[in-house]
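The shown structure was predicted, so the numbers you read here are calculated from the model rather than taken from an experiment. Values below: all heavy atoms of this structure, side chains included; hydrogens, waters and symmetry mates excluded.
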2 protein chains.
Amino acid sequence: MNDIFNGETDATTRSRPAFRSIARELEQQILSGALPVGSTLPSETSLADQFNVSRSTIREAIRLLEQTGIIRRAEGRNKLRITMPRAEDIGARIKTAFLLQETTFEQLWEVLTAIEPMCAAIAATKSSPDDLEKIEDNLRRTETAHAAGDDLVGLDVEFHNLVAAATGNGALQLSRETVGELFYPAFAQVMARLNAGERLILAHRKIFDAIASGDRGEAHSWMDRHIGDFQRGCDLANLDFDAPITGPMSEIS
Amino acid sequence: MNDIFNGETDATTRSRPAFRSIARELEQQILSGALPVGSTLPSETSLADQFNVSRSTIREAIRLLEQTGIIRRAEGRNKLRITMPRAEDIGARIKTAFLLQETTFEQLWEVLTAIEPMCAAIAATKSSPDDLEKIEDNLRRTETAHAAGDDLVGLDVEFHNLVAAATGNGALQLSRETVGELFYPAFAQVMARLNAGERLILAHRKIFDAIASGDRGEAHSWMDRHIGDFQRGCDLANLDFDAPITGPMSEIS
DNA sequence: GCTCTATTTTTGTCAGACAGAATTTCTTGC
DNA sequence: GCAAGAAATTCTGTCTGACAAAAATAGAGC
């Protein structure tokens, strides 16, 4: 018998509900590699058997694990696969936290004022040719979209994500991705309202050039000015810099 | 009847399992304020009744929500309360992601090199007397602990968290907390190995003074130097700056 | 070997049950 | 009238057993 109940055998007097203990135990097995990433979880019945509990209890444990992102169902409604939690999984939660905290644009802006210039600087020293090519492609598509009068929001977010990716620093990317996703849409809107698409593109181009030529200082300083444009843009467009961000949010499924 | 099933009434041919739809619906109600933060969730039976499903289904939905951090049980095993997900909730997940990504100390250091000086600078302009008092108290305790030869790890992490808190910027705090929690223990160890407790305390003191006197530039620059000490310390102590971080992790309970 | 059907698993859901903890209601003594 | 204690009620955690539909597997036939 599988004793994960700290010796407390009575189902109702245990300090921790069984479904929680089981979720924890399964989590450990996954993180320790006993249940390797990519494999499928045993069926509910066999897990129930293995842990000596009923299927309902197992199911509740699985729901907990599911929401952590370490297990996920493959396409359709078949078996559960063990996976590595993805950035979007945790991004959704950070977003929720931001929204519930009534985060303002100014606060996001402060974060990005710190992070983005550093990203550009690091990218200037560490970017690969492949990274550069992706950024340049983004630049070209942005120019095309602007010429066609299209929306630049998505491309703007992408540009900054690509610069961050070029640093090769996963922690940096994780730290800024959510903030950027919430911030840049507002940024691009401000720029659109000011008819400052040209200016946005120029800044992106300058940042790219600096990164491509490996000039840390220039990359840092252009990105700094670029982010600074948002504050100035808010003033010019008479927008409330202190307004809390809004947006749809869901962490389920 | 509460139709959350997109018009698909047949329980088994629905595109999305009921427990998932219900979790989503409850999430919306919470985020929209229909179920206000601080209130308690209705009992499982009444939810089952309300959604026209069985209690098991409701329970599975609750497990999903529970893991997102927007509901949590108050002390003991009584009702579930609607809460605001706090930093620790998502911190665990970010930590897991960092660990699975084999994040190195250098990467964390890069993040903090960007964020921490900005935190200090903002704190210099926005900190309240209460914030300052807390930081000063931390300083005193750090000095006492150092004089007694105690471990400074916890106090170091706390110092930087307090500085971040003094910015009044929740997004900034959220962005740096996890990184700091993983990084500063290593920092403090390096300093301890180098017998550089004095230096750590001096830096903290200088940063505090700058913040207290509202000197943005000084605060920024002292924090910058302080963080820079880690890199130098690694060199001096002959530690591997590129080593991936390690640590225990669990997201359950 | 390969496709198409039949059988077995597996998941999602339900109804009903029960013990023990928590909560509420009701007594009863002051 | 109110507080302490007892009784009734609710609620959670867990289990059993059941069933339909989807998916996986085994067979059968070509």
Without decimals, in angstroms, what is the distance between [X] [atom1] and [N] [atom2]?
| X | N | atom1 | atom2 | answer |
| --- | --- | --- | --- | --- |
| F19(A) | dG13(D) | CZ | P | 5 Å |
| I58(B) | dT12(D) | CD1 | P | 11 Å |
| N52(B) | dC14(C) | CG | P | 9 Å |
| I71(B) | dT12(D) | CD1 | P | 11 Å |
| L80(B) | dT23(C) | CG | P | 12 Å |
| R16(A) | dT12(D) | CZ | P | 20 Å |
| E66(A) | dT11(C) | CD | P | 11 Å |
| L41(A) | dA23(D) | CG | P | 18 Å |

Original post:
Salt bridge or not for R63(A) and E66(A), using N-O below 4.0 Å?
Top reply: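 Salt bridge between R63(A) and E66(A), a charged N being under 4.0 Å from a carboxylate O: yes.
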
Where the side chain of [X] is concerned, which of [options] is the nearest nucleotide?
| X | options | answer |
| --- | --- | --- |
| E60(A) | dT16(D), dT13(C), dT14(D) | dT14(D) |
| V53(A) | dT12(D), dC15(D), dT11(C) | dC15(D) |
| R59(A) | dC15(D), dG12(C), dC14(C) | dG12(C) |

**OP:** Locate the shortest heavy-atom distance separating P42(B) from L47(B); write the atom from each residue and the value.
**Re:**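 Scanning both residues, the minimum pair turns out to be O-CD1, 3.7 Å.
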
**OP:** Please work out if R63(A) contacts a base, only the sugar-phosphate, or nothing of the nucleic acid, heavy-atom cut-off 4.0 Å.
**Re:**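 Here R63(A) touches the backbone only, sparing every base.
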
**OP:** Please work out if T57(B) contacts a base, only the sugar-phosphate, or nothing of the nucleic acid, heavy-atom cut-off 4.0 Å.
**Re:**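 Sugar-phosphate, no base atom in range.
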
Original post:
5'-most contact on DNA chain C: R55(B) or S46(A), nearest heavy atom basis?
Top reply: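 This one resolves to S46(A).
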
Subject >> Under 3.5 Å donor-acceptor, R93(B) side chain and I90(B) backbone >> reply: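 Judged by distance alone, no pair lies under 3.5 Å.
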
Original post:
Between S54(A) and E44(B), who's closer to the 5' end of DNA chain D by nearest nucleotide?
Top reply: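 The residue whose closest nucleotide sits nearer the 5' end is E44(B).
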
**OP:** Go through the steps to decide whether K134(B) and D130(B) satisfy the test side-chain contact (heavy atoms from CB on, under 4.5 Å), and finish with yes or no.
**Re:** CA-CA 6 Å; K134(B) 280 184 193 151; D130(B) 189 49; 3.5 Å; yes

**OP:** Assign the ring pair Y184(A) / H160(A) to parallel, tilted or perpendicular, where the plane angle (0 to 90°) is split at 30° and 60°.
**Re:**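 Rings of Y184(A) and H160(A): parallel, under 30°.
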
